[in-house]
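A short worksheet on the structure shown next.
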Number of protein chains: 2
Amino acid sequence: MARSMHVRRPATLASLAAELGVSRTTVSNAYNRPDQLSPELRRRVLETARRLGYPGPDPVARSLRTRKAGAVGLLLTENLSYAFRDPAAIGFLEGLALACEDAGTGLLLVPANPEREDVAAVHRAGVDGFVVYSVPDDDPHLAAVLERPVPTVVCDQPDLGNVDRVGIDDQAAMNSLARHLISLGHRRIGVVCMRLARDRNDGYVTPERQRSAHFHVQRSRLAGLADAFTEVGVDWAAVPVVERFDHNIASGAAAAAQVLDRDPQITALICTSDILALGALGEARRRGLNVPHDLTVTGFDGIREAEAAGLTTVRQPVLEKGRAAGKLLLDSAERTRPRSVLLSTELVIGTTAASPRGVVEERWFGP
Amino acid sequence: MARSMHVRRPATLASLAAELGVSRTTVSNAYNRPDQLSPELRRRVLETARRLGYPGPDPVARSLRTRKAGAVGLLLTENLSYAFRDPAAIGFLEGLALACEDAGTGLLLVPANPEREDVAAVHRAGVDGFVVYSVPDDDPHLAAVLERPVPTVVCDQPDLGNVDRVGIDDQAAMNSLARHLISLGHRRIGVVCMRLARDRNDGYVTPERQRSAHFHVQRSRLAGLADAFTEVGVDWAAVPVVERFDHNIASGAAAAAQVLDRDPQITALICTSDILALGALGEARRRGLNVPHDLTVTGFDGIREAEAAGLTTVRQPVLEKGRAAGKLLLDSAERTRPRSVLLSTELVIGTTAASPRGVVEERWFGP
DNA sequence: AATTGGTTCTGAACCGTTACGGTCACTTCA
DNA sequence: TGAAGTGACCGTAACGGTTCAGAACCAATT
């Protein structure tokens with residue numbers, strides 16, 4: 001009943017002022033600056049507001065005048081809903097939400113459907129700034145964000161030179177994981193990676209596609225691997241690298257199967273994410289391969305599920321990334337040059353990596 | 001460089017129009033209704049816009065004029081970041097995001113800190129509607145939402161009579177779980193529940209507090225239990241019910257310990273959420289109790305982790321709940337009476353519930 | 001009596017759009 | 001040839017606030 005009255009409601013700050021016989025300014029002050037009017041008048045204003053069903057100053061109008069929206073926008077590469085399925089993305093979101101919460105700011109999830117190139121949602125977003133999380137560097141949504149006259153922080157993106165940035169050194173992190181495997185004796189490896197560009201390419205990846213990958217994170221991780229293995233004489237161009245568009249355990253399993261079918265002699269399967277690695281583990285089990293002795297499997301991210309599985313991986317502080325991004329954005333106080341936050345990672349030695357059988361034998365029976 | 005020009009940008013639709021010598025309307029049409037002007041003029045407008053660094057119509061001003069924000073607000077009972085830690089909440093979010101995505105609408109996470117009673121964030125939110133998820137029914141944020149003149153959908157809330165609603169029949173669902181345990185022979189039970197009100201009360205719950213609980217979901221589940229057990233002659237007032245404010249596995253373990261310490265003779269520990277139940281399972285293991293033979297443990301929600309643990313529980317369609325809430329809100333097309341969506345639940349028979357030892361013995365050696 | 005200072009309240013400008021209802025020149029058609 | 005369309009563009013009036021420089025008033029000080 002009370003609510004149905006609200007449905008079409010003419011009450012506005014002006015009408016309230018008229019009703020009370022005071023100026024709009026006074027009504028505004030009643031809400032925003034209680035010290036600017038007598039307590040008695042303020043009481044009257046608020047009471048009349050209640051009587052007329054006036055819900056207080058309209059947020060949009062206020063935003064227009066004050067030029068603050070009280071919210072930051074988040075642009076994700078994937079469907080909005082995907083973010084809630086990927087543990088790493090969830091961690092990032094949690095951190096970002098934490099930062100927003102601290103600042104009393106809202107967090108607007110912008111519906112940027114990667115399929116249609118509909119950038120309108122970016123234009124429609126009434127926000128004070130944007131956080132962009134892991135989108136391909138040629139994403140039109142990203143371009144649209146950069147054209148908006150608001151501060152922006154990118155995460156897991158290449159250095160754009162003129163925008164705040166937070167991330168990790170993916171290349172170095174993956175490089176150190178590679179060195180670990182190399183030290184264990186692995187030379188014949190296969191790689192399973194997430195998608196490298198906006199187009200779907202479920203299968204083998206050419207070196208050219210690796211170099212020109214539009215996802216900075218994936219490109220860097222592959223580069224880290226290539227560097228390490230090239231250094232010990234492995235012909236990177238001959239290393240099988242398979243890509244999967246969809247990021248889930250089934251994809252990881254399918255990709256692992258594809259590699260193992262064509263190159264059964266590999267001793268290690270390096271995956272660029274834990275999710276893919278969990279799929280690879282499943283596939284190995286299905287084939288009766290003993291991990292790590294028949295096959296080493298590694299991941300990247302350090303999600304909880306990976307820990308439970310004992311995965312050898314690289315842990316990155318996903319929550320911290322989100323929080324850092326939020327903080328950076330929210331205290332964009334007259335900074336001049338763009339800032340860059342690089343968080344550290346940690347190599348997690350699990351139980352899914354070991355020396356390949358051949359190497360062990362070498363040690364025992366070698367020269 | 002190009003970006004630094006944007007920092008203080010005077011370019012507006014009006015200034016663009018002036019520069020071009022056309023009316024503001026025409027510039028507006030260039031963006032919003034290409035058919036209303038000649039392609040040639042439109043091209044000129046857009047080009048001049050680029051030259052002047054005009055980023056297109058200001059979203060906030062547009063929202064004010066059109067009276068749509070292009071976003072829906074989500075109000076959660078907990079800290080924003082908490083939502084990303086609770087699997088059930090994540091599922092709800094995913095469903096809601098799905099619905100928003102379909103409609104091309106943004107999703108604004110409103111920072112409603114449950115500690116301070118700062119309702120301002122609700123007032124500041126520029127949204128076309130609200131979804132309210134599982135907040136105490138006396139939450140001031142909820143009251144603030146209901147005063148806003150926008151459509152609202154509540155989820156896991158009591159029927160407010162004048163607002164759209166989606167949920168499940170918590171009472172019936174828990175009742176059926178209780179009957180299952182009763183049929184197994186359980187009569188001496190303990191209960192672990194989530195928090196019942198806004199104040200922290202880690203410990204035993206009086207029947208009075210149960211009845212007056214401000215979290216509809218918890219109140220209903222307890223009522224479902226009370227009904228079932230009362231019916232078979234159990235004195236509900238004597239059943240130990242312990243409450244925990246924090247919702248995590250450690251809390252569940254601590255609560256279980258509290259019950260088991262005081263009432264070691266109970267044969268079943270009924271938890272009102274899977275998370276708590278997982279904690280209880282851990283505590284039982286720690287005490288060397290064999291689940292289910294020494295102790296039956298049950299949960300509620302049907303999260304993935306529960307399935308992995310073989311928990312006997314009630315599965316509810318959390319994703320569907322989110323999606324239904326979103327849909328309800330987004331097609332608020334001139335409905336008259338409030339709508340209500342009740343989703344169905346499913347009793348999941350796991351491996352954590354069995355007949356108590358006594359009952360088995362009765363069967364074998366009884367009269 | 002004039003000045004000062006402090007409250008309390010007001011007027012008008014401004015925020016950047018879009019909706020609405022035109023005008024005007026130029027076909028088209030009977 | 002006159003009436004009725006049609007396409008391209010424009011003027012005005014909101015949309016609902018906030019802000020800032022005063023005005024009006026009163027009490028206290030010089």
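Sequence lines set the chain letters: A, B, ... in the order given, protein chains first and strands last, and positions in each chain run from 1.
Taking the nucleotide of DNA chain D with the nearest heavy atom to each of B:Leu64 and B:Val22, the more 5' of the two is matched to B:Val22.
The shortest distance between the side-chain N/O atoms of A:Ser28 and the OP1/OP2 oxygens of D:dG17 is not below 4.0 Å. Using a 4.0 Å cut-off, some side-chain N or O of A:Thr26 falls inside it from OP1 or OP2 of C:dT10. Note on A:Arg67: every side-chain N or O is 4.0 Å or more away from OP1 and OP2 of C:dC15. Between B:Thr66 and C:dA19 there is no side-chain N or O to OP1 or OP2 distance below 4.0 Å. In this model, the phosphate group of D:dG17 is approached by a side-chain N or O of A:Tyr54 to a distance below 4.0 Å at OP1 or OP2.
Under a 3.5 Å cut-off, the side chain of A:Arg124 and the backbone N or O of B:Ala69 do not form any donor-acceptor pair.
One end of the helix from C:dA1-D:dT30 to C:dA30-D:dT1 points its axis 50° away from the other end's axis, with each axis taken from 5 pairs and the angle rounded to 10°.
Between A:Ser15 and A:Thr12, the side chains place no donor N or O within less than 3.5 Å of an acceptor N or O (distance only, hydrogens not considered). With hydrogens and angles left out, the side-chain atoms of B:Asn29 and B:Arg42 include no donor and acceptor closer than 3.5 Å.
Counting to the nearest Å, the P atom of C:dA19 and the NZ atom of B:Lys68 are 10 Å from each other. Whole-Å rounding puts the B:Tyr31 OH to D:dC9 P distance at 16 Å. Protein atom CG of A:Leu13 is 17 Å distant from nucleotide atom P of D:dA14, rounded to whole Å. A straight line from CZ of A:Arg33 to P of C:dT10 spans 16 Å, rounded to a whole angstrom. Rounded to whole Å, atom P of D:dG17 lies 21 Å from atom CZ of B:Arg62.
Remark: B:Arg339 CZ to B:Asp164 CG distance equals 4.5 Å, nearest 0.5 Å.
In this structure, B:Val60 reaches neither bases nor backbone, as no heavy-atom distance under 4.0 Å exists between it and the strands shown. Counting any heavy atom pair closer than 4.0 Å across all strands shown, B:Thr25 reaches a base atom. Backbone-only contact: A:Asn32 has heavy atoms under 4.0 Å from sugar-phosphate atoms and none from a base. The residue A:Leu37 sits close only to the backbone: its heavy atoms come under 4.0 Å of sugar-phosphate atoms, none of a base. Within the nucleic acid shown, B:Arg42 has no heavy atom closer than 4.0 Å to any nucleic acid atom.
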From CA spacing to verdict: salt bridge (charged side-chain N to carboxylate O under 4.0 Å, His left out), B:Asp58, A:Arg148: CA-CA 9 Å; B:Asp58 180 283; A:Arg148 292 268 314 251; over 6 Å; no

CA sep, side-chain torsions, deciding dist, call: B:Ser28, B:Thr25, side-chain hydrogen bond (donor to acceptor under 3.5 Å, both in side chains): CA-CA 5 Å; B:Ser28 175; B:Thr25 303; over 6 Å; no

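Ring pair A:Phe92/A:Tyr133 is parallel by interplanar angle, where below 30° counts as parallel and above 60° as perpendicular. The aromatic rings of B:Phe84 and A:Phe84 sit parallel to each other, their planes meeting at less than 30°, with 60° as the upper class boundary.
Taking 3.5 Å as the limit, the base of C:dT17 and the side chain of B:Arg65 contain no donor-acceptor pair of atoms between them. For a distance-only test at 3.5 Å, the side chain of A:Arg24 qualifies as a donor-acceptor partner of the base of D:dG17.
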